[in-house]
Amino acid sequence: MQWVLHIDGIFLLLPAYALMLLCHWGPSELENYNETFTDFILLGLFPTSSLGLFLFTLTILIFLMALIGNLCMVLLILLDSQLHTPMYLLLSQLSLIDLICICTTVPKMASGFLFGNKSISFIGCGVQCFFFAMLAGCEGPILMSMAYDRYVAICFPLHYPIRMNRRVCVLMILGSWVMGVVNSCAHTVYVLHIPYCRSRAIDHFYCDIPAMVTLACEDTWIYEYTLFLSTVTFLLFPFIVIVGSYGKVLLAVYRMRTQEGRKKAYSTCSTHLTVVTLYYVPFVFTYLRPKSFRSPAEDKVVSVFYAILTPMLNPVIYSLRNKEVLGALARVAVKFRSTTM
């Protein structure tokens, strides 16, 4: 299966109000970093206080859990031949997206908090913008492909080997990554070419494109409108396909005669719908709200959910509720023991 694999709520209830207060930076602090700097400044997520240290430690623990969980999922699907099916190959791409996402945002944030190195080079900021926009644009089509896979598997089980064969799966994965890359290149090139004649302090813990656009010294309403349309395209179209697929799946499940078949189908669909909800709700709240209703503090709090918490929860959801994944983990563990003895 090397043809595709190489492409490849424990802490959910954080004290949100305390986090919003900690994330608030006044205008005077923003003006401390003005246009005399050639680099950007990431103001970060937490101030240097005892509560900030506690929340930072909690964030690092979540980061380590997400790192280990997603890395294990990718390796497990790679090593266990019984998981070389379209559903798990698509799941490996989701884990790969989460893995790259947390490595794009958290290490720089941690460095700024621990060592006070809040500056980030112009190129470094562009790299963060590119990877985050690429991953955000790629995840929607991957989730859409997973929904279609379950739709075909449950509604047309006899046609599944034809409709979800190797070629179709490869095209879905490659198409998702290509769309994410093309969309990200367009946005990244724009934010790296607009003039920044105001403060270069980004009120965020990573180089978020909407947060950077607010620092531009030219009118960016046309780009903001384009960003809105791009977000709608990458969120709304996959969401319509996902809702349509699972709507037909639930209807097919309702007509099933066997209780065991219903239970298995409901379990699979509920797992996928949980992951879809974790992806869509924060992005819709952040990027589809009118500009007048947005605030930097709220944007940073919501960003914690889709940039840090969701990558930690996805492998937990798919592993603890999936007997095939747990069985594969046991087989790989036994194989590893036999080779080391």
Side-chain angles (χ1 to χ4, degrees), residues 19-48 52 55-56 59 63 101-136 184-221 223-224 226-228 230-231 282-283 285-287 289 291-308:
L19 187 57
M20 289 176 65
L21 292 175
L22 289 170
C23 290
H24 181 71
W25 293 75
S28 61
E29 294 172 273
L30 290 175
E31 292 304 318
N32 289 334
Y33 307 103
N34 53 38
E35 62 273 10
T36 60
F37 285 83
T38 56
D39 295 340
F40 288 101
I41 303 295
L42 294 175
L43 296 183
L45 190 60
F46 311 114
T48 53
L55 292 175
F56 170 77
T59 301
F63 166 74
C101 181
I102 57 173
C103 291
T104 300
T105 57
V106 176
K108 179 58 184 175
M109 182 271 290
S111 173
F113 182 85
L114 291 176
F115 307 110
N117 181 24
K118 296 181 179 295
S119 66
I120 181 171
S121 67
F122 190 79
I123 298 299
C125 199
V127 170
Q128 273 199 336
C129 287
F130 172 79
F131 275 102
F132 193 83
M134 177 189 69
L135 298 171
S184 178
C185 284
H187 293 296
T188 304
V189 168
Y190 177 83
V191 297
L192 292 182
H193 281 79
I194 57 176
Y196 293 96
C197 56
R198 302 176 187 173
S199 169
R200 285 181 174 256
I202 303 174
D203 197 3
H204 218 293
F205 63 94
Y206 65 92
C207 291
D208 186 43
I209 291 177
M212 294 177 66
V213 170
T214 60
L215 304 179
C217 59
E218 67 178 16
D219 191 359
T220 59
W221 72 270
Y223 172 72
E224 291 177 17
T226 304
L227 179 63
F228 177 81
S230 173
T231 305
F283 270 104
F285 184 80
T286 300
Y287 292 100
R289 281 185 301 163
K291 189 176 179 180
S292 57
F293 289 93
R294 297 178 59 179
S295 70
E298 289 180 350
D299 286 349
K300 283 195 285 187
V301 172
V302 177
S303 296
V304 171
F305 282 85
Y306 62 72
I308 302 175

Open item on the list: My understanding is that only residues two or more places apart in sequence, or in another chain, count here; which of them pass ring pair (Phe, Tyr, Trp, His ring centres under 6.0 Å) with Phe131?
Closed with: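 Ring pair (Phe, Tyr, Trp, His ring centres under 6.0 Å) check on Phe131 returns nothing, list empty.
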Check side-chain contact (heavy atoms from CB on, under 4.5 Å) between [X] and all other residues, then give those that pass, not counting sequence neighbours.
X: Cys185; result: Phe130, Val181
X: Ile194; result: Tyr190, Tyr196, Ala216, Glu218
X: Thr48; result: none

Task: side-chain hydrogen bond (donor to acceptor under 3.5 Å, both in side chains) against His187, all qualifying residues, sequence neighbours excluded - done: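 His187: side-chain hydrogen bond (donor to acceptor under 3.5 Å, both in side chains) contacts with Asn183, Tyr223, Ser230.
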Open item on the list: Test of understanding: with side-chain hydrogen bond (donor to acceptor under 3.5 Å, both in side chains), list the residues that count as partners of Thr105, not counting sequence neighbours.
Closed with: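 Applying side-chain hydrogen bond (donor to acceptor under 3.5 Å, both in side chains) to Thr105 gives none.
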Task: Cys pair Cys125, Cys207: SG separation below 2.5 Å - done: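 Yes, Cys125 links to Cys207 through a disulfide.
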Open item on the list: Looking at Ser111 and Pro107, would you say the former's side chain and the latter's main chain have a donor-acceptor pair under 3.5 Å?
Closed with: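 Judged by distance alone, no pair lies under 3.5 Å.
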Task: Audit row: Asp39, Ile41, side chain to side chain contact (heavy atoms under 4.5 Å, CB included) steps and yes/no - done: CA-CA 7 Å; Asp39 295 340; Ile41 303 295; 5.6 Å; no
TODO: Return the orientation label for the Tyr206 and Phe132 ring planes: parallel under 30°, perpendicular over 60°, tilted otherwise.
DONE: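 Tilted: the ring planes of Tyr206 and Phe132 meet at 30° to 60°.
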Open item on the list: If I compare all heavy atoms of Phe205 with all of Lys300, which pair ends up nearest, and what's the gap?
Closed with: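 Result for this residue pair: CE2-O, 3.9 Å.
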Open item on the list: Are the side chains of Leu45 and Val304 in contact, using a 4.5 Å heavy-atom criterion?
Closed with: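 Yes, side chains in contact.
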Task: Heavy-atom side-chain contact between Asp208 and Ile202 under 4.5 Å - done: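 Result no, sub-4.5 Å side-chain heavy-atom pair not found.
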